[in-house]
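Just so it is clear, the values below take in all heavy atoms, side chains as well, and ignore hydrogens, waters and symmetry mates.
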Amino acid sequence: MPQFSGILLSGGYSRRMGRDKALLDLGGRPVIARLADELSKVAAGPVIACGEQEREEYRFLGLTQVPDLYPGCGPLAGLHAALLQSPTEWSVVAACDLPFASAEFMRYMMSSAAEPGRDLIRNYSGGSLQIDAAVPESITGRVQPMLGLYHKRVLPVLEEALDGRRFRVMECLDALEVLYIPEAGFTGGPEPSPLYNMNTPEDYAAALELVSTPADDSSV
């Protein structure tokens, strides 16, 4: 299995949340600190892709902050900037709107990517199984590209999209050989789901409930 660098995506404006979701308290710790710890268990680093400039609020983590080279262009720009300076060919990426992304789930993705099945690779061009990225697909069939494994081979595709003002990560994946890893195959632990997406105050309230409710509580 190759060595991975860790990338925390936290450069958005959190408009729907109304405040920086990376700094929201969850189980007594800011979300960004929880994710930094999980990434540190499986990858070198991590670094924070933080948008146009360094953020004073993130300095308590003591992590390198990587500014966008394409300011104001969303998570695609953060992914591009962090991959460009990554010291390893592969990086594991987690965004701060995925508060329950765990090291166990990241290891599951890494193991799946180490021996990819052809039936799970979209845009497979034949020949050797050399994937460009690996992203999870939820039990409901939703792809989550902001918790994934990315090789530096994706950089030309990201740059072409950014130069063309096309900022959807999923559009970039359509141009790559990508392994789609089913969440259903993960047996590393109980809920909450590592793909739980937190973007609104309602999502945050639900996340707080998930943290405070024991997994074996019969009321769940």
* To do: Look at atom CD of Gln85 and say whether more than 12 heavy atoms of other residues, nucleotides or ligands are closer to it than 6.0 Å.
  => yes
* **Cluster overlap Leu195 with Ile139, hydrophobic side-chain contacts below 4.5 Å** => no
* **Within-4.5 Å side-chain heavy-atom neighbours: Glu159 and His80** => yes
* Excluding sequence neighbours, so at least two apart, what forms ring pair (Phe, Tyr, Trp, His ring centres under 6.0 Å) with Phe105? -> Tyr108, Phe186
* Asked: Who are the side-chain contact (heavy atoms from CB on, under 4.5 Å) partners of Ala22, not counting sequence neighbours?
  -> Ser10, Asp20, Ile32, Tyr58, Cys96
* Residue list, side-chain hydrogen bond (donor to acceptor under 3.5 Å, both in side chains) with Arg29, at least two apart or on another chain -> Asp37
* Atom pair SG (Cys73) and CG (Leu162), whose distance is rounded to the nearest 0.5 Å -> 6.0 Å
* Are Lys21 and Asn199 close enough that some pair of their side-chain heavy atoms sits under 4.5 Å apart? -> yes
* To do: Indicate the atoms forming the closest heavy-atom contact of Val135 with Gln144, along with that distance.
  => CB-O, 4.0 Å
* Report the residues that fulfil side-chain contact (heavy atoms from CB on, under 4.5 Å) with Ala103, sequence neighbours left out, ordered by chain and then residue number. => Glu38, Lys41, Val42, Arg107
* Among all residues two or more places apart in sequence or in another chain, which pass the salt bridge (charged side-chain N to carboxylate O under 4.0 Å, His left out) test with Arg142? -> none
* Asked: Should Met17 and Thr200 count as side-chain neighbours, where that means a heavy-atom distance under 4.5 Å?
  -> no
* Glu171: partners by side-chain hydrogen bond (donor to acceptor under 3.5 Å, both in side chains), with sequence neighbours left out -> Arg166
* Quick one: does Tyr196's side chain have a donor or acceptor within less than 3.5 Å of a partner on Asp203's backbone? -> yes
* Hey, does the side chain of Glu137 reach the backbone of Pro182 with a donor-acceptor pair shorter than 3.5 angstrom? -> no
* May I ask you to decide if the ring planes of Trp90 and His151 are parallel, tilted or perpendicular, using 30° and 60° as cut-offs? => perpendicular
